Amino acid sequence: EAGVAQSPRYKIIEKRQSVAFWCNPISGHATLYWYQQILGQGPKLLIQFQNNGVVDDSQLPKDRFSAERLKGVDSTLKIQPAKLEDSAVYLCASSPRTPEDTQYFGPGTRLTVL
Amino acid sequence: AQSVTQPDIHITVSEGASLELRCNYSYGATPYLFWYVQSPGQGLQLLLKYFSGDTLVQGIKGFEAEFKRSQSSFNLRKPSVHWSDAAEYFCAVAAGGSQGNLIFGKGTKLSVKP
């Protein structure tokens, strides 16, 4: 079974530029999560989707971050414009059906904002 | 508010020695607790989880953890460490009985001496 796929793996941009990350969850997984992991810290949930609906986006900085999950499969996370403090690893995870199921994480996208 | 504390930022143990990583949580009700491992360049992998029942939980790779409500702790243990166990370990708590809102600690980096 293929795992959670993310691209790109690395991205370097200058502040005020925009960037997008892509996530392909495990086939059949209804729930998808985006986390932000700043160096030296644990991951922090940004947004949770159940199929193509948003369950929790309370910690998403909505003035600059947006996410969508069209057709309830792939998802994209966008930052526009980026700030220096957005430098982090962005992790995507998926789980089969209910929130109680185990979350499977992708390898992450490391973003550096200069 | 829910929180997770991992008091040790970095631990070094000799190969073959026993290991205990500490985790303390703050949560009003019965928590759902998790331990994840993250190897360099890899996503997070679930080692074990506690939802209810037996307070001693067995996980993958020979790890176990014990839930102690009186101490608000969920420490991770392994009787004999292997060099391949070198990685960063994260404890997490799920709020509201749902795995969706995972709150992670800052992690403990484990180094293994030959």
Side-chain angles (χ1 to χ4, degrees), chain A residues 1-10 21 23-26 29-51 53-60 69 88-110, chain B residues 1-10 21-26 29-53 57 59-60 74 76 87-110:
Chain A
E1 180 182 75
V4 176
Q6 292 187 247
S7 66
R9 291 295 308 276
Y10 305 91
F21 313 127
C23 172
N24 181 230
I26 293 173
H29 280 196
T31 311
L32 186 146
Y33 312 81
W34 283 102
Y35 290 85
Q36 179 192 57
Q37 185 177 16
I38 294 173
L39 186 64
Q41 298 183 21
K44 182 184 80 172
L45 180 69
L46 291 176
I47 189 168
Q48 176 189 348
F49 292 94
Q50 183 80 9
N51 296 308
V54 175
V55 174
D56 183 354
D57 64 356
S58 57
Q59 298 190 91
L60 187 74
R69 190 182 185 198
V89 175
Y90 291 84
L91 295 165
C92 180
S94 68
S95 66
R97 185 166 45 191
T98 67
E100 284 72 28
D101 291 321
T102 296
Q103 293 186 31
Y104 296 87
F105 284 80
T109 295
R110 182 176 297 277
Chain B
Q2 301 87 9
S3 66
V4 174
T5 302
Q6 294 181 246
D8 304 305
I9 297 173
H10 190 185
L21 301 182
R22 296 183 290 165
C23 172
N24 293 97
Y25 66 90
S26 172
T30 299
Y32 288 12
L33 295 161
F34 308 83
W35 274 100
Y36 283 85
V37 61
Q38 187 176 37
S39 299
Q42 304 292 316
L44 291 157
Q45 182 182 22
L46 180 69
L47 287 175
L48 46 80
K49 59 187 177 184
Y50 172 78
F51 282 3
S52 64
V57 181
I60 62 171
F74 189 56
L76 182 72
E88 190 146 24
Y89 292 79
F90 292 92
C91 182
V93 63
S98 163
Q99 191 178 155
N101 189 10
L102 278 178
I103 299 167
F104 286 85
K106 292 188 176 183
T108 298
K109 183 176 180 180
L110 173 66

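Source: prediction; values computed, not measured.
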Problem set entry | Pick from A:P107, A:A93, A:P43 with the largest number of heavy-atom pairs that fall under 4.5 Å of chain B | A:P43
Exercise. So with a 6.0 Å cut-off around CG of A:L39, is the heavy-atom count from everything else above 12?
Worked result: no
For this session: Measure distances from B:Q38 to the heavy atoms of chain A and classify the residue's part below 4.5 Å as side chain, backbone, both or neither.
Result: side chain
Exercise. For the atom pair CZ (B:F51) and CG (B:L33), what is the distance rounded to the nearest 0.5 Å?
Worked result: 9.5 Å
Exercise. How many angstroms lie between atom CD1 of A:I47 and atom OH of A:Y33, to the nearest 0.5 angstrom?
Worked result: 12.5 Å
For this session: Check whether A:Q6 gets within reach of chain B through its side chain, its backbone, both or neither, counting any heavy atom under 4.5 Å.
Result: neither
Problem set entry | Interchain contact, A:R9 with chain B, by part (heavy-atom threshold 4.5 Å) | side chain
Problem set entry | A:H29 and A:Y104 aromatic ring geometry - parallel, tilted or perpendicular at 30°/60° bounds | tilted
